[in-house]
Every structure is written in structure tokens, then in C-alpha cells.
Amino acid sequence: MYYKDSLRYRQGWLGIATLLILLFHFPIKIRGLWALQTFGYGGVDICLFASGAGCFFSLCGNGDVGAFLKRRLRRLAPACILTIGFWLVFRFVIGQFDVPMAVGNLLGLQSFTNRGLEFNWYISAILLFYFLAPYLKVGAERFSPVGKVLLLLFLLICTVPFWNVNGYMIIVTRLPIFYAGMLLGDLSMRSVQVKRSHIIWMALSFVIGVLTLRFCYWNLTPYLWSHGLFWLPFLLIVPPLCIGLSLFLALLNKWKVVRRIPSFLSHIGDYSLELYLMQVLWVVMTPTFINKFRLQAHSDAVWIAGVGAVILGSLILKQCTKVLDRYSHKKVRTIS
């Protein structure tokens, strides 16, 4: 197996990541799924790892940085603006609205103001990573192996000045995993084979990462947010996990009985952005509705119904963005 073979199941990674994030956001504890619900936020790290690899190939295919950013923003902006616009209307109705907050969220800059009141930190983070991607790609592609490791260590060291600033830590600690995705892209582009020694090292990395995460969670609770210990262990966990998931999904593809599972996960991956945005909208709005209509006694039912609303909302959002995309294409052709 070559590293490039693992990227065939990149959409499957995104599907699994989306399900993990949904479990993490779901407030009702499900028996037997404690670990997945507690650490399901790591699904975001899977998405960023996959995004780093995708950005690497996108920049290799077309070195025009402007064209790269245009493609990425065109995928991200319509869904985000529609969702955030709906959220802003909601905040206006409940009397929690101000113009600077609205402008900051629509531009994806609110998380960098350290004022809070952001719809979600991920939007600011991914915009920053897209703008840094061309520079990180140079390191992932042209540096020597030692240079690549040093750049990764430099990105980790860059998190230190942001200690105790929670709003920034959740972003800067994710940049190394995005760069790690670019390193996978470089290995894939160079057709590097996955050797047995690589598998041993990846398995060791995964085990150390999981043990580190558990240790930090139980013994270093005061530092989880302030020093990024919630997220940094996923740098050891996610790369081997994604390679392992590719091997697992490839195995499922060989069995007729379960062959539909990888394609189902890939289909969820196609809706990963829309499902993520709808989950965030669901989480921030549902408590207000529960309190407004005094639904505490039936809150479990409301949250469960919300899952259906998330799925339906993501389908609608996807169609809306497709319509906007077709309209913008048509308008550009008319002008030209």
C-alpha cells in the first residue's frame, strides 16, 4: 500500500469525523459511547488533517494562490453566510445583537477579536489556515525530512505565546495537524510506500497519543483549555487513525455484505460542512427554545428531534448553496 492509496477514503474520514462531532454535541449520554462522546471533538482534527492534504493537492494542481483561495472561499462562504445570517436573525429576535459582532462573524474574524460572541471558532481557523496553506505547502514539499520536522516543532512552539487565551488556543493548536495533512499530501505525491516499520511507528504514535489524552483529561484538568492539552494529543492520534481507517474501509469494500458502508460514509463526508454548521446552530439555539417554552421536562425529546432537524437543515443548506453557485456562474458568464 502507498500513502496515496489512503487518500481514496478521505471522504470517508470526513464522514466518520462528522458523526464523531455529532456525538460530541449530543447532550444526552449514550451508554457505551462515553469515550466517543467525550472526545468526539477530535473529529474536527480529522477534518483539518484531511483539509491539509486536500489543500496540498489543490496547490500542486494549480500553483495560482489567488485561484486556490477563490476555490476554497467559494466552497466555504455561501454555507457559512447563510447559516450565520440565520443565527444573527435569531440573536436579534432574542435581543442579543450588535453590529460589530454581526460584521465580525460574517467576515469570519470574530474569534480573533477575543470578545467571544462568535458563531463558531472553526470558521475563523479554517480561513486562517487557507491563507497560510501556500507557505506551509512549501515547507511540506521542499524542506528536507529534518526541516519538515523542525517546521512542525516550530508550529507547536508558536502555541506557547497564546497560553491562557482560550479563544486563540483552540485555533493555534490545530495548525500543526493541518500541516501534518500537508505532509501526508507530500508523501502521496511522491508515491512513498507504507512500510512495516511505518505501521509500527504509527501504532506507537496512536497509543502514546491516546494515553497522553487520557492522562491530561484526568490529571491536568486546569490546563486542558489554557495550554491546549485538549487538542495537542490528537497530533499523535489522527494521522495513524486516518491511515488505519483507510485500511479498514478498503477491507470493507472487498466484502459484498458491507460494501455500502464506505460509500455511505463518503456521502456523509460530502455534507460534512453543512452538517457541521447545522450542528453548531442546533447546539446554540436549542437551549434558548427549551427555556423560552419551558420544555425542561421534555428536553431529551427536543434534543433527539434536533438531530432530525440537523439532517434536514443540512440537506436544505446544500441545495441553497448549489443554487447560489449556479447563479453566480451564470452571472459571471453574462457579464463576460
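Rounding to the nearest 0.5 Å places CD1 of Ile81 at 12.0 Å from OG1 of Thr321. Atom-to-atom distance recorded for Leu184:CG and Arg10:CZ is 10.0 Å, nearest 0.5 angstrom. One finds the CG atom of Leu252 at 10.0 Å from the CG atom of Leu245 (value rounded to the nearest 0.5 Å). The line from CH2 of Trp87 to CG of Asn120 is 9.5 Å long, rounded to the nearest 0.5 Å. For the atom pair Met182 CE and Leu152 CG, the distance stands at 13.0 Å (nearest 0.5 Å). In this structure, CE in Met189 is found 10.0 Å from CG in Leu7, a value given to the nearest 0.5 Å.
The neighbour count for Arg214 CZ, taken as heavy atoms of other residues, nucleotides or ligands under 6.0 Å away, does not exceed 12. Heavy-atom contacts from other residues, nucleotides or ligands closer than 6.0 Å to CZ of Phe90 number more than 12. Annotation for Trp255: atom CH2 does not count as buried by contact number, only 12 or fewer foreign heavy atoms lying within 6.0 Å. Within 6.0 Å of atom CZ in Phe112, more than 12 heavy atoms from other residues, nucleotides or ligands are found, so the atom counts as buried in its surroundings. Counting non-hydrogen atoms of neighbouring residues, nucleotides and ligands closer than 6.0 angstrom, the NZ atom of Lys29 exceeds 12 such neighbours. Counted within 6.0 Å of CZ on Phe97, heavy atoms from surrounding residues, nucleotides or ligands total more than 12; the atom is thus considered enclosed.
For the pair Tyr122 and Cys47, the minimum side-chain heavy-atom distance is below 4.5 Å. Using a 4.5 Å cut-off on side-chain heavy atoms (C-beta onward), Ile208 and Ile237 make no contact. Contact of the Trp34 side chain with the Phe39 side chain is registered, since non-hydrogen atoms from C-beta on lie closer than 4.5 Å. With contacts defined as side-chain heavy-atom distances shorter than 4.5 Å, the pair Ile170/Phe230 does not qualify. The side-chain heavy atoms of Tyr2 and Leu187, taken from C-beta on, include no pair separated by under 4.5 Å. Between Tyr3 and Asp186 there is no side-chain heavy-atom pair separated by less than 4.5 Å. Between Ser51 and Phe129, every side-chain heavy-atom pair lies at or beyond the 4.5 Å cut-off. The side-chain heavy atoms of Leu277 and Leu82, taken from C-beta on, include no pair separated by under 4.5 Å.
At least one donor-acceptor pair under 3.5 Å links the side chain of Asn219 to the backbone N or O of Phe215. Between the side chain of Thr286 and the backbone N or O of Val283, no donor-acceptor pair lies under 3.5 Å. No donor-acceptor distance shorter than 3.5 angstrom exists from the side chain of Ser205 to the backbone of Trp201, with no hydrogens or angles considered. Formation of a donor-acceptor pair under 3.5 Å by the Asn105 side chain with backbone atoms of Phe119 is found in this model. Of the possible donor and acceptor atoms, none in the side chain of Gln110 sits under 3.5 Å from a partner among the backbone N and O of Leu117. With Ser272 contributing its side chain and Gly269 its backbone, the two residues share a donor-acceptor pair below 3.5 Å. In terms of modelled atom types and a separation under 3.5 Å, the side chain of Ser263 and the main chain of Arg260 share a donor-acceptor contact.
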Pair Phe24-Gln279, side-chain contact (heavy atoms from CB on, under 4.5 Å): steps then yes or no:
CA-CA 10 Å; Phe24 172 70; Gln279 287 180 57; over 6 Å; no
Decide yes or no on side-chain contact (heavy atoms from CB on, under 4.5 Å) for Trp282 and Val307, but give the supporting numbers first.
CA-CA 8 Å; Trp282 164 54; Val307 176; 4.2 Å; yes
From CA spacing to verdict: side-chain contact (heavy atoms from CB on, under 4.5 Å), Ile84, Leu88:
CA-CA 6 Å; Ile84 293 172; Leu88 290 173; 4.0 Å; yes
Start with the C-alpha distance between Phe56 and Leu59, add both sets of side-chain angles, then the distance that settles side-chain contact (heavy atoms from CB on, under 4.5 Å), and finish with yes or no.
CA-CA 5 Å; Phe56 183 90; Leu59 285 164; over 6 Å; no
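By the 4.0 Å N-to-carboxylate-O rule, Arg75 lies close enough to Glu274 to be salt-bridged with it.
For Thr159 against Leu156, the heavy-atom pair with the smallest separation is OG1-O, 2.6 Å. Taking both residues in full, the closest heavy atoms of Thr212 and Pro233 are given as CG2-CG, 4.2 Å, listed atom of the first, atom of the second, then distance. Summarising the geometry of Met169 relative to Ser226, their closest heavy-atom pair is CG-O, 3.6 Å, with the distance given to 0.1 Å. When all heavy atoms of Leu249 and Pro262 are compared, the closest pair comes out as O-CG, 3.7 Å. The minimum heavy-atom distance linking His198 with Val192 is given by the pair CE1-CG1, 4.5 Å. The two residues Phe131 and Leu69 have their closest heavy-atom pair at CE2-CD1, 3.7 Å.
The residue from Trp225, Phe234, Tyr217 that alone fulfils the ring pair (Phe, Tyr, Trp, His ring centres under 6.0 Å) condition with Tyr41 is Phe234.
A donor and an acceptor atom, one from each side chain of Ser246 and Arg8, are nowhere located under 3.5 Å apart. A side-chain donor from one of Gln11 and Asp270 sits under 3.5 Å from a side-chain acceptor of the other.
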List the atom pairs, with distances to 0.1 Å, where a side-chain N or O of residues 132-145 and a protein N or O form a donor-acceptor pair under 3.5 Å, not counting sequence neighbours.
residue : atom : partner : partner atom : Å
Lys137  : NZ   : Glu141  : OE1          : 2.8
Ser144  : OG   : Gly147  : N            : 3.1

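When the side chains of ILVMFWY residues are joined at heavy-atom separations under 4.5 Å, either directly or via intervening members, Val103 and Ile123 end up in a single hydrophobic cluster. Residue Ile94 is grouped with residue Val99 when hydrophobic side chains (ILVMFWY) are merged at heavy-atom distances under 4.5 angstrom, including chains of intermediate members. Leu14 and Phe49 fall into different hydrophobic clusters, where Ile, Leu, Val, Met, Phe, Trp and Tyr are joined by side-chain heavy atoms under 4.5 Å apart, directly or via other members. Linking ILVMFWY side-chain heavy atoms closer than 4.5 Å, directly or via other members, places Ile243 and Leu236 in two distinct hydrophobic clusters. The hydrophobic clustering, which links ILVMFWY residues whose side-chain heavy atoms are closer than 4.5 Å, places Val207 and Leu213 apart.
Legend: salt bridge (charged side-chain N to carboxylate O under 4.0 Å, His left out) pairs involving residues 37-64, not counting sequence neighbours, sorted by first then second residue: Asp45-Arg174.
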